[in-house]
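Source: prediction; values computed, not measured.
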Amino acid sequence: MQSQTVDHHSGINLGVAPVTYGQGDRPPRGDYARARPDYTCDQDWEAYTAEEHDLYRRLYERQAAQLPGLACREFIEAVQHLGRPDRIPRFDELSERLYRLTRWQVVAVPGLIPEEAFFKLLSERRFPVTNWIRKPEEFDYVVEPDVFHDLFGHVPLLFNPVFADYMQAYGAGGLKASRLGACEMLARLYWYTVEFGLIRSDDGVRAYGAGILSSAGELRYSVCSPEPHRVPFALERIMRTRYKIDTYQATYFVIDSFQQLFDATEPDFTPIYERVRAQPEIAAGTVLPGETLLSPAR
Ligand SMILES: C[C@H](O)[C@H](O)[C@H]1CNc2nc(N)[nH]c(=O)c2N1
Ligand SMILES: N[C@@H](Cc1ccccc1)C(=O)O
Ligand SMILES: [Fe+2]
């Protein structure tokens with residue numbers, strides 16, 4: 001089994017089944033002993049301290065202040081569904097609001113869970129949210145996704161009907177990919193869309209990826225910096241492209257719309273997996289001959 005690899009900037013799992021559920025030799029942070037067979041657990045909302053609620057408030061405040069001009073319109077419209085910005089939301093209350101709009105629910109997990117379990121929850125329209133929050137010293141960066149990354153980064157777009165359907169389709173696709181030994185290719189698709197995806201807008205590229213939106217520095221970098229490559233969304237190109245785990249992305253993929261993302265995943269991927277397997281992998285940051293690069297937003 002491959003060891004755990006986590007993006008050192010955003011703390012996002014890189015798509016390999018966590019062996020120890022922690023960062024390599026580190027013990028897992030969550031209390032997995034109390035998790036149910038589907039890896040869900042209780043949120044234990046009463047156990048959060050005032051300091052933890054205040055940490056959430058400060059993380060929320062910092063990211064919310066950066067959204068105009070950098071986050072996509074759909075995210076900015078949806079982020080208020082999280083509710084009060086000054087304390088960690090109760091997952092059951094959040095799920096009531098979410099279920100009414102897109103039939104998704106938020107479920108607590110102790111942290112990173114095996115891919116199969118992750119795909120299964122998504123396929124049931126149940127989004128796994130880590131129930132602990134980072135330490136104050138991890139304010140700018142946390143090794144594993146914590147409750148702030150999962151809630152602020154991922155949950156708002158689950159209120160968007162098209163994206164919500166994509167996330168369930170992705171889960172179903174992930175279960176199929178597991179059976180076909182194509183987990184790494186789907187992990188790359190998750191990485192370059194759900195975690196670090198950009199979307200076109202009339203005013204230039206904007207961020208919709210959770211790993212970008214919950215990151216102190218990568219939100220501005222991904223949208224405005226001239227350094228990274230921005231490549232139009234291309235499914236097989238994404239499936240061949242490795243990602244770097246301890247820096248901002250060298251390559252971002254840009255979709256035209258969430259509908260385009262959903263439509264691109266409709267066909268049967270089996271022949272696509274075969275084609276991609278026959279092609280060489282691409283290192284992050286590589287530009288293919290003749291490839292179009294999109295410009296940063298002004
Ligand atoms: C699918 C994705 O590539 C990745 O491997 C999964 C694994 N397990 C996870 N577990 C949790 N709780 N959250 C996640 O984002 C992921 N990502
Ligand atoms: N449509 C893909 C599965 C999939 C759906 C959505 C996202 C990713 C993969 C298949 O049949 O293999
Ligand atoms: Fe994430």
Side-chain angles (χ1 to χ4, degrees), residues 4 6 10-13 17-23 26-60 78-136 138-139 142-159 164 167-168 170-171 174-175 190 194-195 210-211 214:
Q4 171 75 30
V6 176
S10 56
I12 307 307
N13 178 276
V19 180
T20 61
Y21 308 120
Q23 166 60 2
R26 284 195 198 177
R29 290 178 70 158
D31 180 358
Y32 289 84
R34 289 176 38 246
R36 291 176 277 270
D38 63 357
Y39 284 90
T40 61
C41 61
D42 298 331
Q43 178 183 14
D44 284 345
W45 189 84
E46 288 68 20
Y48 294 132
T49 63
E51 291 71 27
E52 289 180 314
H53 284 298
D54 191 57
L55 185 58
Y56 175 90
R57 179 187 63 76
R58 290 188 292 113
L59 285 162
Y60 186 108
V79 70
Q80 33 104 14
H81 289 301
L82 289 180
R84 286 177 52 171
D86 60 346
R87 68 180 195 188
I88 298 169
R90 289 175 184 269
F91 292 1
D92 52 356
E93 290 175 1
L94 181 57
S95 290
E96 266 171 45
R97 298 198 292 271
L98 180 58
Y99 192 81
R100 270 201 295 275
L101 280 182
T102 60
R103 294 192 345 278
W104 271 84
Q105 297 172 68
V106 159
V107 291
V109 289
L112 292 172
I113 63 176
E115 278 184 312
E116 190 96 14
F118 181 74
F119 291 139
K120 187 158 185 322
L121 287 173
L122 295 188
S123 71
E124 297 160 350
R125 292 177 95 92
R126 298 165 76 207
F127 191 80
V129 175
T130 294
N131 63 356
W132 50 261
I133 191 165
R134 65 191 74 183
K135 298 274 169 280
E138 297 172 305
F139 187 73
V142 59
V143 171
E144 291 181 29
D146 72 336
V147 68
F148 180 74
H149 162 78
D150 283 336
L151 283 184
F152 190 89
H154 285 284
V155 172
L157 284 180
L158 291 176
F159 283 88
M167 288 294 281
Q168 177 178 19
Y170 179 86
L175 289 175
Y190 192 82
V194 179
E195 292 298 0
S214 67

Colleague: If you define the side chain from C-beta out and look only at heavy atoms, does anything of Arg29 sit under 4.5 Å from Lys135?
Modeller: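 Of all side-chain heavy-atom pairs linking Lys135 with Arg29, at least one is under 4.5 Å.
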Colleague: What is the minimum heavy-atom distance between Ala78 and Pro156, and which atoms define it?
Modeller: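 Where Ala78 meets Pro156 most closely, the heavy atoms are CB-O, 3.3 Å.
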Colleague: Measuring only between side-chain heavy atoms, which start at C-beta, is Ile133 closer than 4.5 Å to Tyr56?
Modeller: yes
Colleague: So Phe91 and Val129, do their side chains get closer than 4.5 Å, heavy atoms only?
Modeller: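 With C-beta onward as the side chain, the pair touches.
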Colleague: Does the Gln43 side chain pair with the main chain of Ala108, one donor and one acceptor, at a distance under 3.5 Å?
Modeller: no
Colleague: Can you confirm whether Asp31 sits close enough to Cys41 that some side-chain heavy atom of one is under 4.5 Å from a side-chain heavy atom of the other?
Modeller: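 A side-chain contact is absent here, since even the closest heavy-atom pair is not under 4.5 Å.
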Colleague: Are any side-chain N or O atoms of Trp132 and backbone N or O atoms of Pro110, one a donor and one an acceptor, separated by less than 3.5 Å?
Modeller: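 Answer holds: yes.
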Colleague: What's the spacing between Arg34 CZ and Asn131 CG if we round to 0.5 Å?
Modeller: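 Atom-to-atom, Arg34:CZ and Asn131:CG are 7.5 Å apart.
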Colleague: Please determine whether salt bridge (Lys or Arg N to Asp or Glu O under 4.0 Å) holds for the pair Arg90 and Glu46, giving the CA-CA distance in whole Å, both sets of side-chain angles, and the decisive distance to 0.1 Å.
Modeller: CA-CA 9 Å; Arg90 289 175 184 269; Glu46 288 68 20; 3.2 Å; yes
Colleague: Could you walk me through whether Asp38 and Arg126 pass the salt bridge (Lys or Arg N to Asp or Glu O under 4.0 Å) test, one step at a time?
Modeller: CA-CA 11 Å; Asp38 63 357; Arg126 298 165 76 207; 3.4 Å; yes
Colleague: For a side-chain contact (heavy atoms from CB on, under 4.5 Å) check, start with the C-alpha distance between Thr40 and Leu121, then their side-chain angles and the critical distance, and finish with the verdict.
Modeller: CA-CA 9 Å; Thr40 61; Leu121 287 173; 4.0 Å; yes
Colleague: Is there a donor-acceptor contact under 3.5 Å from the side chain of Thr102 to the main chain of Phe159?
Modeller: no
Colleague: Are the side chain of Thr130 and the backbone N or O of Pro145 linked by a donor-acceptor pair below 3.5 Å?
Modeller: yes
Colleague: Does a side-chain heavy-atom distance below 4.5 Å link Leu175 with Glu116?
Modeller: yes
Colleague: Identify the heavy atoms of Pro89 and Leu82 that sit nearest to each other, and give their distance.
Modeller: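 Smallest interatomic distance, heavy atoms only, reads CG-O, 3.7 Å.
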Colleague: Measure the spacing between CG of Leu101 and CG of Leu158 and express it to the nearest 0.5 Å.
Modeller: 11.5 Å
Colleague: Is the shortest heavy-atom distance from the side chain of Val147 to the side chain of Glu52 under 4.5 Å?
Modeller: no
Colleague: Side-chain contact, heavy-atom cut-off 4.5 Å: Arg36 with Val107?
Modeller: no
Colleague: Between the main-chain N or O of Lys120 and the side-chain N or O of Ser123, is there a donor-acceptor pair closer than 3.5 Å?
Modeller: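 Yes.
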Colleague: To the nearest 0.5 Å, what is the distance between CD1 (Ile88) and OG1 (Thr49)?
Modeller: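 Going from CD1 on Ile88 over to OG1 on Thr49, the span is 7.5 Å.
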Colleague: Nearest 0.5 Å please: distance from the CD atom of Gln105 over to the CZ atom of Arg97.
Modeller: 14.0 Å
Colleague: Kindly compute the distance separating CZ (Phe118) from OH (Tyr39), expressed to the nearest 0.5 Å.
Modeller: 14.0 Å
Colleague: Can you confirm whether more than 12 heavy atoms, excluding those of Tyr99, are under 6.0 Å from its OH atom?
Modeller: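 No, not enclosed.
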Colleague: Can you check whether Trp104 reaches Gln168 side chain to side chain, under 4.5 Å on heavy atoms?
Modeller: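 Of all side-chain heavy-atom pairs linking Gln168 with Trp104, at least one is under 4.5 Å.
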Colleague: Nearest 0.5 Å please: distance from the NE2 atom of His149 over to the NE2 atom of His154.
Modeller: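 Nearest 0.5 Å value for the NE2-NE2 distance: 3.0 Å.
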Colleague: Please determine which of Tyr60, Phe148, Trp45 meets the ring-ring contact (aromatic ring centres under 6.0 Å, His included) test together with His53.
Modeller: Trp45
